[in-house]
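Please read the structure below before turning to the comments.
Chain A is the first sequence line, chain B the second, and so forth, proteins listed ahead of strands; every chain is numbered from 1. In what follows, every heavy atom counts, from backbone to side chain, and hydrogens, waters and symmetry copies are set aside.
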Amino acid sequence: MKIASVIVDVAAKQTDRTFDYLIPEKWADVLQKGMRVIVPFGPRKVQGFVVGLKEHSEFKKLKPIVELLDPYPVLTEELLQLGHWLTEKTLCYAISAFQAMLPAAMKATYDKEVRLLYPEDMSLLHEDVQQYFKQEDAVLLSGVHQDHLSSFYRDIQKGYLEVIYIVKNRARKKTVKGIKPLYAAVQLQQLAEQMPKQAEKQKNVLAFFLKHPGEIALKELCEQLNVTQAPVKALVNKGVLGETNIEVYRQPYDEEAFGKTSAFPLTEEQEQAITPILQTIEEAKHDVFLMYGVTGSGKTEVYLQSIDQVLKEGKEAIVLVPEISLTPQMVKRFKGRFGSKVAVLHSGLSSGEKYDEWRKIQRKEVSVVVGARSAVFAPFQNLGIIIIDEEHETSYKQEETPRYHARDVAIYRGKHHECPVVLGSATPTLESFARAKKGVYKLLTLRKRMNDSALPAVDIVDMREELRGGNRSMFSTLLFEKMQDRLEKGEQIVLLLNKRGHSSFVMCRDCGYVHTCPHCEISLTYHRYNHLLKCHYCGYEQPAAVTCPECNSEHIRYFGTGTQKVEEELTKLLPEASVIRMDVDTTSRKGAHERLLDQFAEQKAQILLGTQMIAKGLDFPNVTLVGVLSADTMLHLPDFRSSEKTFQLLTQVSGRAGRHHLPGEVVIQTYTPEHYSIQLAGQHDFDAFYQQEMMARKMHQYPPFYYVALVTVSHEELTKVVAVTDKIAQFLRQKLSNNTVVLGPVASPIAKVKDRYRYQCMIKYKLEPELIPSLKFILDRYQREMQQQQLSITVDLQPYSMM
DNA sequence: AGCACGCCGACT
DNA sequence: GTCGGCGTGCTC
């Protein structure tokens, strides 16, 4: 083949197609579809993906490929197809889809290098420019000071400077220093004999290479022979030994730290659940299973044994877990069972570590990958199963382009590989549960907890009553008594409060002035540590004033309770209890999340207080009390899933209590105790919740009865946003069928973020062939304005968040 | 997305 | 009459 069709790394409407390039003779035999290349594109060079090979091209003035970046395709044929499917399903560009499937380290970055065209005549140049070339003969434009850039551009235009476009590859393979002999054994023997007597260490080194003639890491060599680097360096200087670079994988997990575990005997329920999965694996067919099992019912063991079967068949497995629960606990279970066959991919790894784990998959050195959302694209070629744990978790939906849901990708790949997809959850999404009820998915049920521990008893406390009874603290009498009881017994407590910071808004009691973010339409949250008011959307901060900026009053009151305030209160009320607070503010540093959980596991603290990040997947045997300080924080969000999300959160966090021998109790504090999602979560009754919520969804025409698409428009000027959104809504109403509902334009739940107003338009539809073409038309129509003005229009098909 | 080309206003 | 503003169109 002489010609390659390439998707170039330029995410824009006009470049969202293939461009043809000549394949240089030297690569004619090696170049394959799915490889990355560097190609000339206009005056510059860009990275691209080869998506097709052919003999002839319509285009006459073809340019040749500049560079080949991969020895093997990084995108398999399957992933290339999947990429095209993603562009259709999420309305993204092909290049965005491809990049989403690869580790970020493989994405190119670009720079420009400037060189002198007349090095002998520096005086031609602007003074600012001259100083850069005093030591160097090439300067990276990215390193040039802002103030000097215009001088550079002037000299470039005058033709004194040459611009070279550089494509940088961020992916760095980690290497260690290696040593290898430069002579054959016979000669080494002779050299050793000629060595002076006192050079004993050097002789030892040579003797080593007589026995082991290959290359070896310098560090390892020194350790084995118990010598310093000096004698080795001496031999290198003599030209006897040569230095090499040995490529190694970064080791985010210490392999030896994982003790081997073996399969547990399954309970009868587990046995019943696993049988159809194993059968599907054996028959090599595709099916989607929804494994609905209460918290602590042993879903993970079913996963592990299913994977074991897959590995026995010589196939591979993908396990997706929510970002947040990819704790060492979870990794340990998989590494413990399958050892070095497991690769781990999650956001806690550096981009280099992720790249290394990915290469292990590509090189077929592992056959199981455990990871967050993007691990669903693991480049396995012989998949035997895909498992999505905690299927209902919102982190499976990507909130940037391409806005895909990992579940949909998993099912696409499951069909392609003819293998089962297993969705597991104690609180499945209504969408999945409805499909299981209809028989589209196969329903597997685990009703009993392992080791027969009972589901915790739940008390729902009406905080309005507490207030009427004169209790103005954030703890109800019941919760406080139970906390004291646990502290006396030396048992542990988990407290959930879905709000970080100290106080969620600050108001002047004299004039009612509330501090709001100057860039977003949202009140500022008070952070006690460093006494700042912070915006949780854009990060803006300002010092908390002592007096009201409006009326100078000193009656400033802090409303709303955040985790910081609770922590403060706890130290006052229960000074003997030690508290670990876990929220975005205490876990932002790398490894902090893990460290805090370890401390709690080691019982260095009795109370774990945190936001929803503590609700999932944690398993501490000594936790016997879970307190939900305010169950309603999520309930009143303008989101049709708010009841579902509340039910899920309450159920998940309740599941943290009493997982082992000690029985657990849960106290849920709320201002709306009568709400069905709180009542039914208290009764652990998913089925009743499902019934009730389905009725609400049907009535209001929401999923799973209707599909939803969300168009969000943002711009600095409110009038512009409203005008554009209105036009879009009108256009859609006119184009789409009568059964389709177009809502809006309405202001987004957060109407202004980072100085940009946001409006949206929601579309609810069942069958709407005109939707995708219409949305494409809109994106086309506003493409120019989106490019040059600050207008932005995003389309989210099947959104998970309405924000 | 860049970058070049090209057509109109304010300056040596 | 030129320098430079950013509208328009192209990139194999």
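Taking only side-chain nitrogens and oxygens, A:Lys13 never comes nearer than 4.0 Å to OP1 or OP2 of C:dG9. Under 4.0 angstrom from either OP1 or OP2 of C:dC12 there lies at least one side-chain N or O belonging to A:Lys63. The side chain of A:Tyr110 places no N or O atom within less than 4.0 Å of a non-bridging phosphate oxygen (OP1 or OP2) of B:dA1.
Against DNA chain B, the stretch residues 21-43 of chain A makes heavy-atom approaches under 4.0 Å through A:Pro43.
Taking the ring axis of A:Tyr706 as reference, the NZ or CZ atom of A:Lys766 stays within 45° of it and closer than 6.0 Å to the ring centre.
Taking atom NZ on A:Lys112 and atom P on B:dG2, their separation rounds to 8 Å, with Å as the unit. Atom CG of A:Asp9 and atom P of C:dC12 are 15 Å apart (whole Å). One can place CD1 of A:Ile65 at 18 Å from P of C:dT11, the figure rounded to the nearest angstrom. The distance from atom OH of A:Tyr153 to atom P of B:dG2 is 11 Å, rounded to the nearest whole Å. If you take CZ of A:Arg17 and C1' of C:dG9, they are 12 Å apart, rounded to a whole angstrom. Atom CZ of A:Phe19 is separated from atom P of C:dC10 by 12 Å (rounded to the nearest Å). Rounding to whole angstrom units, CG of residue A:Leu141 and P of B:dC3 are separated by 9 Å. Spacing between atom CZ of A:Arg784 and atom C1' of B:dA1 amounts to 15 Å, rounded to whole angstrom units.
Nearest nucleotide to the side chain of A:Tyr165, out of B:dA1, C:dC12, B:dC3: B:dC3.
A side chain to side chain contact (heavy atoms under 4.5 Å, CB included) with A:Ile763 is found for one member of A:Val708, A:Leu736, A:Leu710, A:Val741 and no other, namely A:Leu736. With respect to A:Phe377, the ring-ring contact (aromatic ring centres under 6.0 Å, His included) criterion is satisfied by exactly one of A:Tyr404, A:Tyr412, A:Trp358: A:Tyr404. Each of A:Leu68, A:Leu69, A:Asp70 was checked for a side chain to side chain contact (heavy atoms under 4.5 Å, CB included) with A:Val37, and the lone residue meeting it is A:Leu68.
Nucleic acid contact class of A:Thr15 (heavy atoms, under 4.0 Å, all strands): base. Residue contacts shown for A:Ala11 are limited to sugar-phosphate atoms, with no base heavy atom under 4.0 Å away. Using a 4.0 Å heavy-atom distance criterion, A:Lys61 is classed as a sugar-phosphate-only contact.
In summary, the aromatic rings of A:Phe59 and A:Phe19 are positioned with their centroids too far apart to meet the 6.0 Å limit. Ring centers of A:Tyr800 and A:Tyr396: at least 6.0 Å apart, outside the cut-off.
Looking at A:Thr429 and A:Glu391, their side chains do bring a donor and an acceptor atom within 3.5 Å of each other.
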